[in-house]
Asker: 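Here it is, the structure, as structure tokens.
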Amino acid sequence: MSQQEPSFEHDIRPLFRSEDIEAMSGLFDLSSYQDVRSNADKIYEELSDGSMPCDEAWPAERVQLFESWINTGYLR
Ligand code: HEM
């Protein structure tokens, strides 16, 4: 079940729009497994307090999906 054991390629990568990747490219690459993994805590913080994306916060279940990707060990 992807909800319980999400993987980057299947579940997480598709959540980032091309404008997200572009906007954040100066800090990290949201299309890169390694970059998202390395910055996951910071990214989670911004997603969960609604600061990012800059135009519209993610719904709670999306933020939870990102959190469970962290908690299940960053499956690729
Ligand atoms: C899912 C999409 C996005 C994620 C996960 C994300 C994540 C982040 C993170 C982790 C930071 C660093 C915050 C810090 O170090 O304090 C940041 C900063 C920033 N992001 Fe994004 N971002 C996303 C989309 C966007 C979009 C769409 C825009 C605007 C077009 C944007 C504009 C910025 C700007 C201007 C900063 C600079 C620092 C600041 O003022 O917080 N981001 N983002």
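Whatever order the structure lists them in is the order used to number ligands and atoms, beginning at 1. Quick caveat: nothing in here was measured; it's all calculated off a predicted structure.
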Asker: To the nearest 0.1 Å, how far is atom 14 (C) of ligand 1 from its closest protein heavy atom, and which atom is that?
Answerer: Lys42 CE, 3.3 Å
Asker: Tell me how many protein N, O or S atoms are within a distance shorter than 2.8 Å of atom 21 (Fe) of ligand 1.
Answerer: 2
Asker: Short check: is a protein heavy atom less than 4.0 Å from atom 35 (C) of ligand 1?
Answerer: no
Asker: Would you mind listing every ring pair (Phe, Tyr, Trp, His ring centres under 6.0 Å) that reaches into residues 30-65, with sequence neighbours excluded?
Answerer: Phe8-Tyr33, Phe16-Trp58
Asker: Could you pull out the closest heavy-atom pair between Trp69 and Ala40, with the gap in Å?
Answerer: CZ3-CB, 4.4 Å
Asker: Salt bridge check, Arg62 against Asp11: does any charged N sit closer than 4.0 Å to a carboxylate O?
Answerer: no
Asker: Could you check whether any side-chain heavy atom of Leu30 comes within less than 4.5 Å of a side-chain heavy atom of Ile43, counting everything from C-beta outward?
Answerer: yes
Asker: Enter the distance from Ile21:CD1 to Arg17:CZ here, rounded to the nearest 0.5 Å.
Answerer: 10.0 Å
Asker: Return the residue, atom name and 0.1 Å-rounded distance of the protein heavy atom closest to atom 5 (C) of ligand 1.
Answerer: Ile43 CG2, 3.5 Å
Asker: Ile12 and Leu65: which non-hydrogen atoms are nearest, and at how many Å?
Answerer: CD1-O, 4.0 Å
Asker: Between Thr72 and Pro6, is any pair of side-chain heavy atoms under 4.5 Å apart?
Answerer: yes
Asker: Find the distance between CG (Asp20) and OG (Ser31) and round it off to the nearest 0.5 Å.
Answerer: 11.5 Å
Asker: How close do Leu75 and Glu5 get, counting heavy atoms only, and between which atoms?
Answerer: CD1-OE1, 3.7 Å
Asker: How about atom 38 (C) of ligand 1: does it have a protein heavy atom within less than 4.0 Å?
Answerer: no
Asker: Please confirm whether Asn39 comes under 4.0 Å of ligand 1, counting heavy atoms of the residue only.
Answerer: no
Asker: For ligand 1, is there an atom lying under 4.0 Å from some heavy atom of Glu45?
Answerer: no
Asker: Tell me which one of Phe66, Tyr44, Phe16, Phe28 gets a heavy atom nearest to atom 1 (C) of ligand 1.
Answerer: Phe16
Asker: For atom 3 (C) of ligand 1, what is the closest protein heavy atom, and at what distance to 0.1 Å?
Answerer: Leu30 CD1, 3.8 Å
Asker: Give the numbers and elements of all ligand 1 atoms closer than 4.0 Å to a heavy atom of Arg17.
Answerer: 27 (C)
Asker: Taking the side chain as every heavy atom from C-beta outward, state whether Pro53 and Glu19 have any pair of such atoms under 4.5 Å apart.
Answerer: no
